[in-house]
There are 2 protein chains.
Amino acid sequence: MSVPLYQAKAELFRTLGHPVRIRVLELLQDGPKPVRDLLAVIEVEPSNLSQQLAVLRRAGMVTSYRDGPLVMYSLSTPDVADLLAAGRRILGTVLTDRDALLDELRTAPDPPGPVAAGDRPRAHVTNGPPARPGR
Amino acid sequence: MSVPLYQAKAELFRTLGHPVRIRVLELLQDGPKPVRDLLAVIEVEPSNLSQQLAVLRRAGMVTSYRDGPLVMYSLSTPDVADLLAAGRRILGTVLTDRDALLDELRTAPDPPGPVAAGDRPRAHVTNGPPARPGR
DNA sequence: TTAGCACTTGCGAAATTCTTCAATTGACCT
DNA sequence: AGGTCAATTGAAGAATTTCGCAAGTGCTAA
């Protein structure tokens with residue numbers, strides 16, 4: 001109980017919250033790779049990559065071992081790939097929903113009377129529950 | 001292309017990287033709830049909760065509407081629940097893996113000779129690929 | 001031994017995110 | 001109109017992250 005469950009979850013997601021770390025995980029999806037290969041693809045300074053790898057290591061999402069002169073990294077469990085896949089899915093729906101909403105705003109602008117420059121609503125919610133079908 | 005795909009992904013995960021936001025999403029999994037109910041369960045100041053809700057709103061993970069005096073929130077898509085589920089799963093395997101590793105360290109401490117106080121290795125990787133079965 | 005590649009670590013500066021306080025908006029009631 | 005509850009907003013300060021540089025470790029080949 002020392003660390004509440006929802007906090008552990010938040011930390012898990014937070015470790016995925018960085019472009020370089022996402023790229024690393026995606027690259028590792030098809031097999032272990034040496035740092036040098038990662039470095040060749042992701043343009044970022046070696047020390048920076050190393051720091052991000054350290055974050056992933058601490059979180060237990062990747063493992064590393066040394067193979068001769070190079071250090072190899074691999075996903076610590078295939079579940080990581082699942083998580084990335086789930087992310088991809090949701091990104092799709094969230095983005096298309098957003099676009100749909102934008103379309104709606106574009107095609108149906110200010111219906112009734114004119115609106116003076118200074119009195120547009122500041123609230124983020126429009127009134128009433130969203131269209132309820134059975135009623 | 002203005003926003004690289006992996007950056008959008010990182011932002012998505014980062015949105016989930018906060019205990020309060022995780023709790024909100026989990027609570028919303030079984031139906032829409034007014035802010036007031038969320039507030040009753042999650043102990044945090046109203047304004048703080050509101051800020052976190054705003055983050056979730058901007059990211060498109062929740063939607064809100066006003067129902068009389070209260071503001072209701074709900075998941076914008078059930079996919080969000082999937083993502084949380086995937087997180088739960090991975091958290092399980094990562095944590096048990098970690099524990100297994102700790103066990104191993106506890107049951108098999110320093111095999112050969114004694115180690116002087118000042119010369120433990122500073123590297124994070126131990127040499128050689130992990131146990132290769134077929135060889 | 002010396003040299004050089006492959007990576008990692010420590011550290012300070014810059015950028016982001018979190019938290020809280022005060023003020024504001026909206027809806028409802030009397 | 002005035003009061004109250006529900007929730008949001010803006011802004012400032014604290015706390016965390018991120019990034020690049022300099023310096024180090026570990027391996028291998030001369």
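Hydrogens, waters and symmetry mates are skipped; everything else that's a heavy atom, side chains included, is used. Naming convention: chains lettered A, B, ... in sequence-line order (proteins, then strands); numbering from 1 in each chain.
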Interface residues of residues 46-53 of chain B with DNA chain C (non-hydrogen, below 4.0 angstrom): B:Ser47, B:Asn48, B:Gln51, B:Gln52

Upstream residue (5' side of DNA chain C) when B:Glu45 and B:Val55 are each assigned their closest nucleotide: B:Val55

Heavy-atom donor-acceptor pair, A:Arg21 side chain to A:Thr15 backbone, under 3.5 Å: yes

For A:Val24 against A:Ile42, the heavy-atom pair lying closest together: CG2-CD1, 3.8 Å

Protein-nucleotide distance (B:Glu11, atom CD; C:dT16, atom C1'), rounded to Å: 12 Å

Output a table of nitrogen or oxygen pairs between the protein and nucleotides 4-6 of chain D separated by less than 3.5 Å.
{"from": "D:dA6", "atom 1": "OP1", "to": "B:Arg36", "atom 2": "NE", "distance (Å)": "3.3"}
{"from": "D:dA6", "atom 1": "OP1", "to": "B:Arg36", "atom 2": "NH2", "distance (Å)": "2.6"}

With A:Glu45 via salt bridge (charged side-chain N to carboxylate O under 4.0 Å, His left out) - residues at least two apart: none

Same cluster (ILVMFWY, side-chain, under 4.5 Å), A:Met61 and A:Val55: no

Interatomic distance, A:Met72 CE vs C:dA6 P [rounded to whole Å]: 14 Å

With sequence neighbours excluded, residues passing salt bridge (charged side-chain N to carboxylate O under 4.0 Å, His left out) with B:Arg36: none

Separation of C:dA6 P from A:Tyr73 OH (nearest whole Å): 15 Å

Partner residues of A:Arg57 under the salt bridge (charged side-chain N to carboxylate O under 4.0 Å, His left out) criterion, sequence neighbours left out: none

Contact summary for B:Phe13 and A:Gly87, nearest pair of heavy atoms: CZ-CA, 4.0 Å

Length of the OH-C1' vector between A:Tyr65 and C:dA6, whole Å: 15 Å

Value in whole Å for how far the P atom of D:dG20 lies from CG of A:Leu39: 12 Å

Between P of D:dG20 and CD of A:Glu43, the distance in whole Å: 10 Å

Rounded distance (Å) that lies between atom C1' of C:dC7 and atom NZ of A:Lys33: 18 Å

Nearest atoms (heavy-atom pairs only) where B:Leu28 meets B:Leu75: CB-CD2, 3.7 Å

Shortest non-hydrogen contact between A:Val44 and A:Leu39, atoms and distance: O-CD1, 3.5 Å

Within residues 13-27 of chain A, residues whose heavy atoms come under 4.0 Å of DNA chain D: A:Arg14, A:His18, A:Arg21

Heavy-atom pair of closest approach, residues B:Ala86 and A:Ala86: CB-CB, 4.1 Å

Spacing of CG belonging to B:Leu70 relative to OH belonging to B:Tyr65, to within rounding of 0.5 Å: 10.0 Å

